[in-house]
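Chain naming here is simple, since letters A, B, ... match the order of the sequence lines and numbering starts at 1 in each.
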2 protein chains.
Amino acid sequence: MPSLSEENYLKAILFLSGQTQAAVSTNELAARLDAKAASVTEMLRRLSEKKWVEYRPYKGVYLSPAGQDLAAKVLRKHRLWETFLVEKLHFGWEEVHEVAEQLEHISSPKLTDRLSAFLGHPEYDPHGDPIPDPNGVFPKRPKRTLSEVPAGQKVLVQGVRDGDSDFLRYVRQLGIALGDELEVEAVQPFDQSQQVRHGERLLTLSAIAAANIYVL
Amino acid sequence: MPSLSEENYLKAILFLSGQTQAAVSTNELAARLDAKAASVTEMLRRLSEKKWVEYRPYKGVYLSPAGQDLAAKVLRKHRLWETFLVEKLHFGWEEVHEVAEQLEHISSPKLTDRLSAFLGHPEYDPHGDPIPDPNGVFPKRPKRTLSEVPAGQKVLVQGVRDGDSDFLRYVRQLGIALGDELEVEAVQPFDQSQQVRHGERLLTLSAIAAANIYVL
DNA sequence: CTTTATTTTTAGGCTTTCCTAATTTTATTG
DNA sequence: CAATAAAATTAGGAAAGCCTAAAAATAAAG
């Protein structure tokens, strides 16, 4: 059983290596975890001893199959709890992350299963991020982002990538809420920025912003 | 903010001192927390420094008002989560304690409030134990125990005191479940033991057992 | 390809929480 | 009330996680 800290490291490695399973550097981890590089090195040695990561000093680290499984389970719990908080306890989607950071460490497979059933076995959390199944497998069809939407099409806002808080706040500030309808009016060829109609208003979204908004 | 360990100590002191607020001994705490006496002494010194307990070496310890408040809040969370697990996730009342031991340490006043509302602001948990309000105040009317029921009366089983696991198992073994109807047939004058009808069957319950079964 | 800058690791410390063993204080009992 | 037993505390140490500062490895640049 990983400790709370170990779980956070595994989760951070999963996040930073992404689909690609690319090696993650000590400094990247230190930045993500808000810790010093020396602390990260020490923890990586320990995770490596426990066979949860493949660690080459000076070269970086990636998850072993066992580590992937553990990290996916934590992520599953995190996203299930976020779903619970939004759907059942009526939290705003931008305020659930912190609490879910705590709840994700509760260790009870039965609780996780029952919670998932209680929520109707959701495949995506309120931010639009996929929820791994009990075996750590992510749902098939990936979400489309606003970048992929050609001019003239209407879409519904589903969420933002990884539930990034700052970005979430930015989107809300623009007046965009979950479930809102957007229509892509035009895409600028030179920088891929989009002109988007939101009700009466016309907004400009950078390519980066558009790539981080999930739509349906 | 108390640490997880500190919360467990405060909760244990609350439990052992009960209503009376009597001083609790080092060994009692060590037994309850499954720790060594030396560890308890050390922690009591620290809790005392933080003004959460009144501690006199060799004399025992009791909660300060601040400590009472903290302990009650943890207990509130514990019992709310137990209620959630039983009522919403259909756990058995005897299997919720362990998970609630983890959930009780989640720190989010908003979550606690919302959870309480979601459950309809219950005053008693599935074991029949009272749930303190957000200010640490316990509900007024205390539950009646089977001991107080005179011969000839019918009652519904509500729970057992403090959710004691061993006792819970004993009661279940007798075939008694939450919500079952019992009829007190007779009370023995010499030892206060009771003859109780449970459906077709006639059971004998000791005074101690009867005093630990909550009824309505 | 050597010098400089960056990244990473090592060395050594600190806090929390727990432990065992030894000592001291309090309680019990003949 | 002295001797023994029980309870509690102190002393010293370990593991987990984190830190700063110094050293070593790697990468970048002239």
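- To the nearest angstrom, P of C:dT9 lies 11 Å from CZ of A:Arg45.
- The side-chain hydrogen bond (donor to acceptor under 3.5 Å, both in side chains) analysis of residues 40-62 of chain A, with sequence neighbours excluded, yields the pairs A:Glu6-A:Lys50.
- Counting to the nearest Å, the P atom of D:dA6 and the CD atom of B:Glu28 are 17 Å from each other.
- Distance B:Leu29 CG to C:dT17 P: 15 Å, rounded to the nearest Å.
- Sequence neighbours left out, the pairs with a member in residues 23-39 of chain B that pass side-chain hydrogen bond (donor to acceptor under 3.5 Å, both in side chains) are B:Ser25-B:Glu28.
- When the side chain to side chain donor-acceptor pair (under 3.5 Å) test is applied to A:Glu7, the partners found at least two apart in sequence or on another chain are A:His105.
- Every residue two or more places apart in sequence or in another chain was checked for a side chain to side chain donor-acceptor pair (under 3.5 Å) with B:Lys88, and none qualifies.
- For B:Phe84 and B:Phe91, the distance between ring centers is not under 6.0 angstrom.
- Partners of B:Glu95 according to the side chain to side chain donor-acceptor pair (under 3.5 Å) rule, which considers only residues two or more places apart in sequence or in another chain, are A:Lys110.
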Note to self: What does the B/S/- profile of nucleotides 15-28 of chain D look like, 5' to 3', with a 4.0 Å heavy-atom cutoff to protein?
What the structure shows: -SBBBB----SS--
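- OP1 or OP2 of C:dT8 lies within a sub-4.0 Å distance of a side-chain N or O belonging to A:Asn27.
- The side chain of A:Thr26 contributes an N or O atom lying less than 4.0 Å from OP1 or OP2 of C:dT9.
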